[in-house]
Amino acid sequence: MPETTPQDPVPLSESEIVASRRAKLKRFRDELGFDPYGSRADGLLSCAAARALFNEEAHVSYENAAKAAKTAGDAAAPIVDNRVRARIAGRIVQHRDMGKLVFLFVRDATGDIQVSVSKSAVKANEFELAKAADYGDILVFEGPVGRTQKGEICIWAAGVDLGVKSLAAPPEKWHGLSDPELRYRRRYVDMYANPETAKVFAMRARIVSRIRRFMDARGFLEVETPVLQPIAGGAAARPFTTHHNALDMPLFMRIAPELYLKRCLVGGMRKVYEINRNFRNEGIDRSHNPEFTAMEVYEAFGDYGTMMELTESLIHELAVEMVAERQAAGLRVDANGPVLPWGELQINYAKPFVRVKFEELFRRGVGCEMRDFAAVRAKAREIGLHHEAKLDDWLVVNEVFEELAEPLIDPCRPTFVTDYPSAVSPLTRPSKSDPAICERWDIFIGGMEVGPAYTELNDPDIQLAKFTEQLKGADDEESTFRTLDEDFVESLRVGMPPAGGLGIGIDRLVMLLTDSASIRDVILFPLLKSMGAGAANDGEQGAPAAEGKKA
RNA sequence: GAUUGCGUAGCUCAGUCGGUAGAGCAGCGGCCUUUUAAGCCGUAGGUCCUGGGUUCAAGUCCCAGCGCAAUCACCA
């Protein structure tokens, strides 16, 4: 490179690596006759499936026959080879060139398998390809499944082809990619460099499909409701705003599907659910991503009790299945039931889950009755809640509860906290026997709130009053996106049957079931700030990052 | 949004009190038909996140910015 222009931030050393890979690509194509961008390959097995084809008996009898043939020379009987043949494709993650024999480890999403390529067993160009292959290239191999002298299951290549030549500099092959930022930004590298990553997303897919099977088996209908909404309702979060050009209409990305799913009940669907993305314009941390997957469930003529049974059965069943998966993978499993590790914790998903009333937990954590507001306020001041005086009684109760009572919940046992004060759950139906509390629960697992459920409010007049009251309390910023959903109220006037409703944070549940510490470890492409100048490999003409955006 | 920590080769990481920029892997050249965390020998590779400042001298100290992480706030 004679000169590096400012628009070309690629460091010289990297161009050297890329240049050598480009030279190899040319050689593979021009000298060895392989298409560096590959073509269709039929009958491919996964690496895991190929490994499973190994048969010790066939391997031993082949080895013996080959040995005998060698000593007997020409007089030997023809060698019988009963080893099963397999064709696989994957990235080269290890490469040991022993001269006339090359050992490679090949990886796909199911795992690794060793391949050895002997100069005497393949065509000359195929051998050269295997010999010169780079870490990260995808190769296709075909041959019998046996093992090596060291006992490693191994495909003895009879054919080698190029799937695709990789031009990028690969990550370190023993440590992989460990910088979390690089793992998220270049997930496509993370997924093959760190097999654990690929496993988590395979588990996530199985969990979500099991949830669907569970819901379908119970007669729930899966529906899809709008993500683009003229009014962002159903939760108390800040929405993302957008705009439809042809209609010249402001729109919001939904913060919850709730109000549409309830309309489905009005329309006559008895049991509905939706698994889909919500978008909330709030902070980001270990358990929050701006877009996240939630399941919402509504059951006509159910209530928060039916939702509790459903939730408990669902999560229990998922945990049992995860335990079975871990057992199948050879991991140690707790003999005492469905116990899964989550970081330092061992979470026990045995039924029944813990159930505790808000009022009871409050009493235990705070040491006074929640309805004794004077005592509660005294406690609030004691723990340093200075703005206590400005808050309504029940809001103080709630804050004191979160501070002193929630920590009492055993993080190792899924726990339903039930019967919240009505005043802190404005859209929930008050209990018939005690209107100060309402029919709502939250489920906590591992110290995280995984989801709430309610006996839904279906009186249009009360709903309208509560909406209106909420709007009155909105500050300036809030009132720019909070609008009364009159059509929803109108739907309640048509008549929504009494119902139970449930929301479960799927990402958080997947975190718990896959022993992932951060929500970003269970979201393939979590939102990151965009990089300014000097962005890694993006080729972006990174404008000085400080410009614009920030306010 | 606040606080703290981190940012050095493609990757994983050292870098002492402020005094010539280091290692392993990947790459490149050579040897080898059974390797297993990376076979053996040799070789090359740098915007020390960016921009200022202090200093004879800054990867190192100071200020500002960018990014990531953790904790808190908001929220689920």
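Labels below follow one simple rule: chain letters A, B, ... track the order of the sequence lines, proteins then strands, and each chain is numbered from 1.
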Paired with [N] by Watson-Crick or G-U wobble geometry, both distances under 3.5 Å: which nucleotide is it?
| N | value |
| --- | --- |
| B:rA70 | B:rU3 |
| B:rC28 | B:rG42 |
| B:rA57 | none |
| B:rU36 | none |
| B:rU50 | B:rA64 |

Which part of the nucleic acid, if any, lies within reach of [X] when heavy atoms closer than 4.0 Å are counted: base, sugar-phosphate only, or nothing?
| X | answer |
| --- | --- |
| A:Asp179 | sugar-phosphate |
| A:Gly503 | nothing |
| A:Asn289 | base |
| A:Phe105 | base |
| A:Gly283 | base |

Give every pair of a protein N or O atom and an N or O atom of nucleotides 29-34 of chain B that lie under 3.5 Å apart, one pair per line with the distance.
unit_1	atom_1	unit_2	atom_2	d
B:rC32	N3	A:Asp97	O	3.0
B:rC32	N3	A:Gly99	N	3.1
B:rC32	N4	A:Asp97	O	3.4
B:rC32	N4	A:Asp97	OD1	3.4
B:rC32	N4	A:Gly99	N	3.4
B:rU33	OP1	A:Lys100	NZ	3.3
B:rU33	OP2	A:Lys100	N	3.2
B:rU33	N3	A:Ser118	OG	3.3
B:rU33	O4	A:Ser120	OG	3.3
B:rU34	O2'	A:Gln149	OE1	2.4
B:rU34	O2	A:Gln149	N	3.1

May I have the distance from [X] (atom [atom1]) to [N] (atom [atom2]), rounded to whole angstrom?
| X | N | atom1 | atom2 | result |
| --- | --- | --- | --- | --- |
| A:Glu449 | B:rC74 | CD | C1' | 14 Å |
| A:Phe240 | B:rC74 | CZ | C1' | 13 Å |
| A:Asn281 | B:rA76 | CG | C1' | 14 Å |
| A:Ile284 | B:rG67 | CD1 | C1' | 13 Å |
| A:Glu152 | B:rA37 | CD | P | 10 Å |
| A:Gln94 | B:rA37 | CD | C1' | 8 Å |
| A:Arg286 | B:rA70 | CZ | P | 7 Å |
| A:Glu403 | B:rC72 | CD | C1' | 11 Å |

For nucleotides 21-24 of chain B, give me every protein contact, N/O to N/O, under 3.5 Å, one pair per line with atom names.
unit_1	atom_1	unit_2	atom_2	d
B:rG24	N2	A:Glu172	OE2	3.4

Distance between [atom1] atoms of [N] and [M] (Å, rounded):
| N | M | atom1 | value |
| --- | --- | --- | --- |
| B:rU50 | B:rG7 | P | 13 Å |
| B:rC48 | B:rC41 | C1' | 31 Å |
| B:rU3 | B:rA57 | P | 33 Å |
| B:rA21 | B:rG46 | C1' | 8 Å |
| B:rU16 | B:rC56 | P | 22 Å |
| B:rC63 | B:rC6 | P | 13 Å |
| B:rA26 | B:rU36 | P | 14 Å |
| B:rC61 | B:rC17 | P | 11 Å |

Residue pairs, two or more places apart or on separate chains, that pass salt bridge (Lys or Arg N to Asp or Glu O under 4.0 Å) and touch residues 113-130 of chain A: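 For residues 113-130 of chain A, and leaving out neighbouring residues, the salt bridge (Lys or Arg N to Asp or Glu O under 4.0 Å) pairs sorted by first residue read A:Arg27-A:Glu128, A:Lys123-A:Glu126.
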Any [X] side-chain N or O less than 4.0 Å from OP1/OP2 of [N]:
| X | N | result |
| --- | --- | --- |
| A:Arg185 | B:rC68 | yes |
| A:Arg520 | B:rA69 | yes |
| A:Ser20 | B:rG27 | no |

For the side chain of [X], starting at C-beta, report the closest nucleotide among [options].
| X | options | answer |
| --- | --- | --- |
| A:Arg238 | B:rU12, B:rC74, B:rA76 | B:rC74 |
| A:Glu181 | B:rC68, B:rC28, B:rU12 | B:rC68 |
| A:Arg280 | B:rC74, B:rG27, B:rA76 | B:rA76 |

A:His95 vs A:Asp134, nearer the 5' end of RNA chain B by closest nucleotide: A:Asp134
Sequence neighbours left out, what passes salt bridge (Lys or Arg N to Asp or Glu O under 4.0 Å) with [X]? Give chain and number order.
| X | answer |
| --- | --- |
| A:Glu344 | none |
| A:Glu196 | A:Lys199 |
| A:Asp190 | A:Arg183, A:Arg187 |

Quick one: does [X]'s side chain get under 4.5 Å of [Y]'s, heavy atoms only?
| X | Y | value |
| --- | --- | --- |
| A:Val424 | A:Arg440 | yes |
| A:Ile315 | A:Ile443 | yes |
| A:Thr311 | A:Trp441 | yes |
| A:Val354 | A:Asp410 | no |

A:Tyr192 six-ring centre to A:Arg107 NZ/CZ under 6.0 Å and within 45° of normal: no
Polar contact flag, side-chain donor to acceptor under 3.5 angstrom, A:Arg91-A:Ser166: no
Aro-ring/base stack A:Phe292-B:rA76, d under 5.5 Å, angle under 30°: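 Yes.
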Check: A:Val145 main-chain N/O paired with A:Arg51 side-chain donor or acceptor under 3.5 Å: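 Looks like no, no N/O pair under 3.5 Å.
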Side-chain donor/acceptor of A:Thr415 to backbone N/O of A:Arg413, under 3.5 Å: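 Flag set: sc A:Thr415 to bb A:Arg413 pair under 3.5 Å.
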